[in-house]
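A quick write-up on the structure given underneath.
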Amino acid sequence: MSIVKDILKQLNTAQQSAVAQVKGPVLVLAGAGSGKTRVLTHRLAYLIAQEGVRPEQILAVTFTNKAAGEMALRARELLNLPAVAKRFTGFALATPAIGTFHSVCARILREDIGALGALWNGNYTIFDGADVRKAIKQVLSEAQISLTDFNPRIIAKLLDQAKMRLVEPEQFLDEFKDDLPPPVLKIVQQIYGHYQNYLAEVNALDFSDLLFKTVLLLRDYPLIRQKYQNRWQYILVDEYQDTNYAQYEFCRLLAAGHQNLFVVGDDYQSIYGFRGANLDNILNFTRDYPKTKTFLLEQNYRSTQSILNLANAVIAKNRHQNKKVLWTENPRGVLPQIVEVEDERAEAEFVISQIAKLTGKSKSTESEESEKRQTQELEYEYEDQEQCQKPGRGGILDRVMASRRGERPSARLNISRSRPVRLDGINLNTFVVLYRTNAQSRALEEVLLDWNVPYKIIGGVRFYERQEIKDLLAYLRLLANHRDLVSLERVINIPPRGIGPKTWQYLATWLRNNNFDFAGAKQFFGSEVARGMAGPAKKVLPFFTLWSALSGELDKLSVAEMIIQIAESSGYFEHLKATQLNFTEREENIRELASAAVRYSTGRGLEALRGFLEEIALVSDIDSLNDQSQALTLMTIHSAKGLEFETVFMVGLEQGLLPHASATLNPAELEEERRLCYVGITRARERLYLTHTRQRQLYGALIYPQVSEFVAGVDRKIVEWVRE
DNA sequence: TTGTATTATATTTTT
DNA sequence: TATAATACAA
Ligand SMILES: Nc1ncnc2c1ncn2[C@@H]1O[C@H](COP(=O)(O)OP(=O)(O)OP(=O)(O)O)[C@@H](O)[C@H]1O
């Protein structure tokens with residue numbers, strides 16, 4: 001069969017053997033850029049084309065939604081199927097289930113959470129961190145526990161850890177006795193129990209619950225377990241080194257029968273320890289699955305020899321890891337540079353001037369020298385320029401950034417050595433700036449703005465976290481799940497209806513005592529008002545009238561229409577106009593939310609609404625990254641996982657930043673920081689610049705950092721040390 | 001109840 | 001340094 005041949009043709013022999021190992025557990029353990037993701041994608045296609053596996057029998061788990069989309073697209077290409085724009089939105093026939101752990105679990109729970117016998121149903125709301133903290137506060141105040149003694153942030157973190165370790169409230173005392181002193185332990189356990197009850201009452205789940213509850217379903221309910229074990233005969237998992245215990249159990253339970261579990265990963269790249277990732281999942285895979293066939297991929301296709309040399313030198317200092325060989329046939333390339341600059345602004349200016357030099361837009365002598373050093377790969381950058389001129393349709397974030405950039409389509413630069421340089425016509429997408437903390441993006445942003453360089457920031461304050469967006473989403477969430485008290489509290493007085501804490505307490509209690517009967521509430525408060533009763537009834541009645549009108553229209557309107565309908569009929573737009581100086585911008589954002597809804601689906605009713613809300617709850621900023629919009633991308637090293645760029649700038653290579661100050665004492669955390677450094681370095685295909693400053697503004701104070709211990713003292717044969 | 005002013009507080013990475 | 005929590009006046 002020629003399709004199968006084509007699939008295998010694009011792989012080396014080691015990759016081919018891994019792809020063709022159809023049955024049983026398979027571990028692909030390999031370094032950065034060795035084609036792990038490629039192997040996973042090709043295996044997906046291979047199973048269908050060669051083995052005749054029905055697509056819907058395959059589950060592929062990726063680390064981001066974006067990776068899921070790309071994998072689906074690539075697999076269809078390999079199978080000669082026409083591309084479809086549609087995303088994976090359910091467990092459809094004739095398509096494999098491809099998604100993140102969270103999105104796959106969210107869908108399982110939509111179908112089956114009712115089986116748990118608690119108050120949750122398929123319309124559940126997904127709580128983000130802010131919602132969780134509000135819920136915890138509510139629980140604390142009900143239990144009369146002092147907020148100052150038990151910081152909701154810290155509680156949230158503990159409960160998150162518990163769930164990632166599959167610890168239920170009853171087991172909390174045993175499992176966390178080494179982590180907390182006894183009196184605290186006892187109280188946190190109580191809070192945990194109350195919190196879970198509260199979530200059930202308001203029909204909500206937090207991020208960790210998505211996995212936690214799914215694993216409980218699979219573990220304790222044989223019929224459900226069998227259903228999914230039969231549904232997915234083949235399970236593929238990318239980035240396995242960053243799975244936590246709950247995810248490990250999820251895979252183990254699903255694969256328990258057929259054992260067709262195919263995982264790929266790189267222990268050098270485990271960087272999500274703070275999210276419960278357990279390196280031992282991958283290191284002990286062969287012990288947990290004795291029949292495992294292991295494949296090592298040792299050829300790197302991404303980076304130049306010079307970049308790999310540095311990467312290997314950095315990671316060699318770690319102890320808790322498998323030894324791996326990584327080589328490449330790629331050209332030696334230019335040496336990575338470690339550049340010392342004055343401060344964080346100079347850091348940003350270095351990035352800009354270096355881009356100008358590399359793309360030959362500068363006439364300065366330095367740039368000619370550096371041009372001479374370049375390898376021939378630069379050529380195709382120029383070819384790409386023309387095609388990439390038009391700014392892409394892009395996601396929400398692109399639009400937001402574009403509007404922030406204003407009307408200036410081209411970038412005019414003044415390099416510090418005074419010659420004006422234009423950066424237009426340059427494909428900025430081949431560059432990326434990586435940093436350890438989001439806060440570092442601020443200085444970069446300022447300088448880029450000064451110099452009119454188009455940029456986009458991944459992470460930080462996200463579009464969906466803007467106030468007006470959260471307000472509108474709260475209305476939508478309430479329509480999908482009217483028990484969601486956290487959303488109700490948010491919108492009950494927006495726009496202002498004269499409802500403060502007292503009336504809110506009264507209303508919340510009434511609803512909880514009356515089974516969240518909104519129709520009943522409207523009647524009850526209506527009759528109170530009719531009887532001429534003063535007090536809360538008069539204030540809350542308009543809200544219930546609004547709610548009943550909106551929910552009556554749910555089936556008639558698309559999500560986008562509903563968004564506008566809410567903003568208009570609730571008086572939200574007017575409220576913005578009356579109270580906000582930048583109300584046009586905020587109104588624009590709301591209309592942009594509506595466009596996002598259209599892009600998701602034009603369907604009507606609860607089903608469409610639920611899907612849209614789920615999508616929004618689970619998107620990460622990185623999902624909006626596309627290569628069409630012409631802008632320099634800035635992101636954390638964490639977000640860059642799995643990506644590659646021709647030129648990478650890593651900024652802030654300093655003690656205290658990378659490794660981060662909070663990790664320098666603990667050897668395990670220090671190793672994770674070093675892996676983070678390794679991940680950053682190995683994103684680069686051709687050129688790599690690591691910068692560090694002589695002085696930097698940190699939390700208001702001026703500090704004089706040392707160069708990062710990860711690169712300090714690296715041989716001049718491996719890196720070029722530069723002082724600006 | 002609402003809006004503003006002051007003060008405290010924590011500043012790593014994210015689904 | 002920013003944001004959140006709190007206090008107080010209108
Ligand atoms: N056999 C091959 N022939 C040519 N190019 C390949 C081959 N295998 C992988 N590549 C290329 O190497 C690069 C890295 O591949 P991929 O992203 O799959 O690696 P990875 O191991 O998942 O990397 P990482 O662990 O860093 O995320 C990609 O550009 C890919 O197209």
Side-chain angles (χ1 to χ4, degrees), chain A residues 61-68 99-106 126-134 137 147-148 151-154 156-157 160 163-164 205-212 239 242-244 246-247 270-277 434-443 458-462 464-465 467 492-505 535-536 539 575 578-579 614-623 635-641 652 656-664 666 669 672-673 675-677 679-680 696-702:
Chain A
V61 184
T62 59
F63 201 73
T64 64
N65 298 296
K66 180 169 175 270
T100 62
F101 278 109
H102 286 91
S103 68
V104 170
C105 288
I126 299 172
F127 273 3
D128 67 13
D131 301 320
V132 167
R133 286 193 294 276
K134 279 185 195 162
K137 271 184 204 164
L147 272 165
T148 39
N151 181 327
R153 266 204 148 73
I154 295 169
K157 213 169 173 181
D160 226 34
K163 290 172 184 182
M164 291 184 303
L205 296 172
D206 61 33
F207 286 129
S208 302
D209 277 327
L210 295 175
L211 274 146
F212 182 47
E239 309 279 12
D242 271 324
T243 50
N244 61 33
Q247 292 163 338
S270 175
I271 54 174
Y272 278 86
F274 68 95
R275 225 167 70 181
L434 303 179
Y435 36 78
R436 173 69 237 268
T437 69
N438 283 306
Q440 289 169 262
S441 68
R442 176 171 275 281
I458 304 294
V461 194
R462 290 156 65 222
Y464 295 113
E465 276 157 23
Q467 191 191 324
I492 189 70
N493 201 34
I494 293 182
R497 300 185 180 88
I499 300 169
K502 257 190 144 160
T503 315
W504 164 246
Q505 272 317 314
K539 296 190 166 155
H575 168 240
T579 58
E614 178 179 300
E615 164 119 346
I616 283 182
L618 299 180
V619 284
S620 62
D621 232 8
I622 195 73
D623 300 331
M635 64 176 104
T636 62
I637 305 173
H638 281 93
S639 303
K641 184 180 168 112
L657 230 36
L658 187 65
H660 194 268
S662 59
T664 41
N666 177 331
E669 285 181 39
E672 178 153 321
E673 295 287 308
R675 293 195 291 269
L676 196 52
C677 186
V679 168
R696 171 186 301 277
Q697 204 81 31
L698 196 69
Y699 309 131
L702 198 61

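What's counted below: heavy atoms across the whole structure, side chains too, no hydrogens, waters or symmetry copies. Each chain gets a letter, A, B and so on, in the order its sequence line appears, and its residues count up from 1.
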Q: Could you check Ser662(A) against His660(A) for side-chain hydrogen bond (donor to acceptor under 3.5 Å, both in side chains), going step by step and ending with a plain yes or no?
A: CA-CA 5 Å; Ser662(A) 59; His660(A) 194 268; 2.9 Å; yes

(Q) Apply side-chain contact (heavy atoms from CB on, under 4.5 Å) to residues Thr243(A) and Tyr272(A) and explain how you reach the verdict. (A) CA-CA 8 Å; Thr243(A) 50; Tyr272(A) 278 86; over 6 Å; no

Q) Should Val61(A) and Gln247(A) be marked as a side-chain contact (heavy atoms from CB on, under 4.5 Å) after you check the CA-CA gap, both sets of side-chain angles, and the distance that decides it? A) CA-CA 10 Å; Val61(A) 184; Gln247(A) 292 163 338; over 6 Å; no

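A distance of 8.5 Å separates NZ of Lys134(A) from CG of Asp128(A), quoted to the nearest 0.5 Å. Residue Glu673(A) holds its CD atom at 6.0 Å from CG of Leu658(A), rounded to the nearest 0.5 Å. In this structure, CZ in Phe63(A) is found 9.5 Å from CZ in Phe101(A), a value given to the nearest 0.5 Å. Within the model, atoms CG of Asn493(A) and OG1 of Thr503(A) stand 8.5 Å from one another, a figure rounded to the nearest 0.5 Å. Taking NZ of Lys163(A) as the start and CG of Leu205(A) as the end, the distance is 8.0 Å to the nearest 0.5 Å.
Paired runs in DNA chain B that reach 3 or more consecutive Watson-Crick or G-U pairs, where each pair keeps both distances under 3.5 Å, cover B:1-10 with C:1-10.
If Pro501(A) and Phe63(A) are placed on DNA chain B by their nearest nucleotide, the residue sitting closer to the 5' end is Pro501(A). Along DNA chain B, the nucleotide nearest to Thr503(A) and the one nearest to Phe274(A) differ in position, and the one closer to the 5' end is contacted by Thr503(A).
Reading DNA chain B from its 5' end, the first and the last nucleotide to sit under 4.0 Å from a heavy atom of chain A are dT1(B) to dT15(B).
Regarding Asn438(A), its CG atom lies at a distance of 15 Å from the C1' atom of dT1(C), rounded to whole Å.
Between Arg133(A) and the phosphate of dA4(C), there is no side-chain N or O to OP1/OP2 separation shorter than 4.0 Å.
As judged by a 4.0 angstrom heavy-atom cut-off over every strand, Leu211(A) is placed among residues making no nucleic acid contact. Across all strands shown, Ser639(A) has heavy atoms under 4.0 Å from sugar-phosphate atoms exclusively, and none from any base.
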